[in-house]
Amino acid sequence: MAIKRRKISVIGGGFTGATTALMVAQKELGDVVLLDIPQMEGPTKGKALDMLESTPVQGIDSAIVGTSNYEDTKDSDVVVITAGIARKPGMSRDDLVNTNAGIMKAVTREVVKYSPNCYIIVLTNPADAMTYTVYKESGFPKNRVIGQSGVLDTARFRTFVAQELNLSVEDISGFVLGGHGDDMVPLIRYSYAGGIPLEKLIPQDRLDAIVERTRKGGGEIVGLLGNGSAYYAPAASLTQMVEAIIKDKKRVIPTIAYLEGEYGYEDIYAGVPTILGGDGIEKVIELELTEDEKAALAKSIQSIRNVMEALPKE
Ligand SMILES: NC(=O)C1=CN([C@@H]2O[C@H](COP(=O)(O)OP(=O)(O)OC[C@H]3O[C@@H](n4cnc5c(N)ncnc54)[C@H](O)[C@@H]3O)[C@@H](O)[C@H]2O)C=CC1
Ligand SMILES: O=C([O-])CC(=O)C(=O)O
């Protein structure tokens, strides 16, 4: 049988969705379907066609189509969900919970109907609670429903550390645990520049400032943009996750994963280091934490639980 290209569908053709579609195609990870609601069909088709017309210039052999019809997503290998509303200045991610939970359920039903074997990556905020919603609605095993926050939060942390030390971003590694909110837990003890612990290179007060800026990184962009939230770095983060699955790379990546006892938590999706490969989340990695780190994680997990309390009841 002929070898077929992979198929990646992106649900929600707004800022993050469209940018993700382009980045996924630019890496030739497969053919891309960009889907939005029927009222947005024209702009979605227009964006996809515009992207497609860039492929000869860039030497990319990926098809990109825009649609509002889920039939076009049939048999996707990976589906990325970015559908929903984004926050504006003065709002928290948690203010989006009710609207976006309804959208997650409706979208998930269609995704599962046409691609029962796919891997789903959820971006929509509040991301931890929305990933849980998609997991429950899909009936998929936990390894096939994955949320995005840690790649982005770690990327922000790495950016600020690289600026501080005037070093290549490539040589900076970091770890962020917990929920995708202002009390996420950047783990300095597990963060390095070229293998050297950051604590040996950056004074504590500067590290504290970098941690604080990372925690509020989403809000910093929301404040600057004025009418929406970040999309270039989120799209790059989603693309790395799609690539890890499509190429079975077995990357050690922080993702929003379902916890069943890991770190002492049950029946919750939260950000933890994971191995992401051809079978989705192949493992949750458990790190030893100090008492202070455990307390910070507990606070962050409680924030996720508070948002989940607000989820519309069945
Ligand atoms: N987890 C993370 O790290 C990040 C999460 N986000 C979240 O991602 C979401 C999307 O952000 P943006 O793309 O900037 O927003 P956007 O407003 O530019 O795009 C959202 C798109 O979803 C579409 N949509 C709404 N309901 C839909 C449905 N039922 N089916 C299909 N499409 C639907 C809208 O028409 C719109 O085009 C927001 O909730 C935002 O907060 C954004 C960045 C990072
Ligand atoms: O801040 C937001 O609302 C979007 C987001 O999650 C991020 O950029 O981290």
Side-chain angles (χ1 to χ4, degrees), residues 9-22 33-48 66-70 72-73 79-111 121-131 133-134 137 146-157 159 176 179-182 184 213-241 254-256 269-271 304 307:
S9 291
V10 181
I11 314 300
F15 284 110
T16 55
T19 313
T20 304
L22 182 61
V33 178
L34 184 65
L35 183 143
D36 209 295
I37 52 177
Q39 299 90 305
M40 292 298 289
E41 191 179 72
T44 309
K45 286 189 161 163
K47 287 180 194 181
T67 185
S68 64
N69 184 348
Y70 277 93
D72 294 326
T73 69
V79 175
V80 178
I81 300 181
T82 73
I85 54 168
R87 64 173 161 156
K88 296 197 165 53
M91 292 171 82
S92 98
R93 296 178 180 95
D94 302 346
D95 296 332
L96 313 172
V97 65
N98 282 317
T99 306
N100 285 349
I103 293 173
M104 289 308 95
K105 288 187 181 181
V107 163
T108 303
R109 282 195 287 274
E110 296 298 317
V111 166
I121 305 175
V122 181
L123 183 81
T124 305
N125 272 321
D128 306 274
M130 294 305 97
T131 309
T133 304
V134 170
E137 191 68 30
I146 307 137
Q148 191 305 119
S149 69
V151 179
L152 172 63
D153 297 328
T154 310
R156 287 183 174 139
F157 178 78
T159 304
V176 180
H180 186 52
D182 292 353
M184 68 181 76
R213 191 172 175 199
T214 301
R215 286 187 163 145
K216 308 249 170 75
E220 182 177 0
I221 305 276
V222 168
L224 289 167
L225 291 180
N227 190 27
S229 51
Y231 49 101
Y232 293 116
S237 306
L238 288 168
T239 303
Q240 184 182 77
M241 293 171 73
T255 65
I256 301 174
Y269 264 91
I304 301 174
V307 176

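Note that ligands are numbered from 1 as they come in the structure, with each ligand's atoms numbered from 1 the same way.
- No donor-acceptor distance shorter than 3.5 angstrom exists from the side chain of Asn100 to the backbone of Val97, with no hydrogens or angles considered.
- Within the 3.5 Å criterion, the main-chain N or O of Ile11 finds a donor-acceptor partner in the side chain of Thr82.
- Distances shorter than 4.0 angstrom occur between a heavy atom of Ala230 and an atom of ligand 1.
- Side-chain N/O atoms of His180 and Asp153 include a donor and acceptor closer than 3.5 Å.
- Every atom of ligand 1 is numbered from 1 in the order shown, and the set under 4.0 Å from a heavy atom of Pro234 is 43 (C), 44 (C).
- At least one N or O atom of His180 sits closer than 3.5 Å to an N or O atom of ligand 1.
- Counting protein heavy atoms only, atom 31 (C) of ligand 1 is closest to Ala83 CB, 3.8 Å.
- Residue-to-ligand polar distances keep Tyr231 apart from ligand 1: every N/O pair is separated by 3.5 Å or more.
- For atom 12 (P) of ligand 1, the closest non-hydrogen atom of the protein is Thr16 OG1, 3.6 Å.
- When side chains are defined from C-beta on, Pro89 counts as touching Val222, because their heavy atoms get closer than 4.5 Å.
- Atoms CD1 and OG1, from Ile103 and Thr133 in turn, are 12.0 Å apart once rounded to the nearest 0.5 Å.
- Ranking protein heavy atoms by distance to atom 19 (O) of ligand 1, first place goes to Gly14 CA, 3.2 Å.
- The protein non-hydrogen atom at the shortest distance from atom 40 (C) of ligand 1 is Asn125 ND2, 3.8 Å.
- Considering both main-chain and side-chain atoms, Asp36 comes within under 3.5 Å of ligand 1 through a nitrogen or oxygen pair.
- Atom-to-atom distance recorded for Met91:CE and Asn125:CG is 10.5 Å, nearest 0.5 angstrom.
- Shown in contact with Ala127 at under 4.0 Å from a heavy atom are these atoms of ligand 1, numbered in order with element: 1 (N).
- Of all the listed residues (Ile37, Thr20, Leu152, Val122), Ile37 holds the heavy atom that lies closest to atom 28 (C) of ligand 1.
- Between Leu123 and ligand 1, at least one pair of N/O atoms sits closer than 3.5 Å.
- For ligand 1, the atoms closer than 4.0 angstrom to any heavy atom of Asn100 are 39 (O).
- Lys88 contributes atom NZ, which lies 9.5 Å from atom CG of Leu96 (distance to the nearest 0.5 angstrom).
- Contact shell of ligand 2 (protein heavy atoms, cutoff 4.0 Å): Arg87, Arg93, Asn125, Leu152, Arg156, His180, Gly218, Val222, Ser229, Ala230.
- In this structure, the protein non-hydrogen atom closest to atom 10 (C) of ligand 1 is Thr82 O, 3.1 Å.
- Summarising the contacts of atom 22 (O) of ligand 1 with Gly84, Ser149, Gly102, Gly217, the nearest heavy atom is found in Gly84.
- Taking CE from Met241 and CD1 from Ile121, the interatomic distance works out to 5.0 Å, rounded to the nearest 0.5 Å.
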Can you list the steps and then say if Val122 with Tyr269 is a side chain to side chain contact (heavy atoms under 4.5 Å, CB included)? CA-CA 11 Å; Val122 181; Tyr269 264 91; over 6 Å; no
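- Judged purely by atom type and a 3.5 angstrom limit, Lys47 uses its side chain to pair as donor or acceptor with the backbone of Gly13.
- If you number the atoms of ligand 1 from 1 as listed, the ones under 4.0 Å from a heavy atom of Ile85 come out as 38 (C), 39 (O).
- Numbered from 1 in the order shown, with element, the atoms of ligand 1 that lie under 4.0 Å from a heavy atom of Leu96 read 41 (O).
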With a cut-off of 3.5 Å and sequence neighbours excluded, list every side-chain donor-acceptor pair involving residues 227-234.
none

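- Considering CG of Leu123 and OG1 of Thr20, their distance stands at 7.0 Å, rounded to 0.5 Å.
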Worked check of side chain to side chain contact (heavy atoms under 4.5 Å, CB included) between Met104 and Ile81: CA-CA 8 Å; Met104 289 308 95; Ile81 300 181; 3.8 Å; yes
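- Looking only at heavy atoms of the protein, atom 26 (N) of ligand 1 is closest to Ile103 CD1, 3.7 Å.
- Remark: Thr16 OG1 to Leu238 CG distance equals 7.0 Å, nearest 0.5 Å.
- The shortest N or O to N or O distance between Phe15 and ligand 1 is under 3.5 Å.
- Ranking protein heavy atoms by distance to atom 15 (O) of ligand 1, first place goes to Ala86 CB, 3.9 Å.
- Protein heavy atom closest to atom 3 (O) of ligand 1, with residue, atom name and distance, is Gln148 NE2, 2.9 Å.
- With no hydrogens or angles considered, a side-chain donor-acceptor pair links Thr67 and Asp72 at under 3.5 Å.
- For the residue pair Glu41 and Ser68, a side-chain donor N or O sits within less than 3.5 Å of a side-chain acceptor on the partner.
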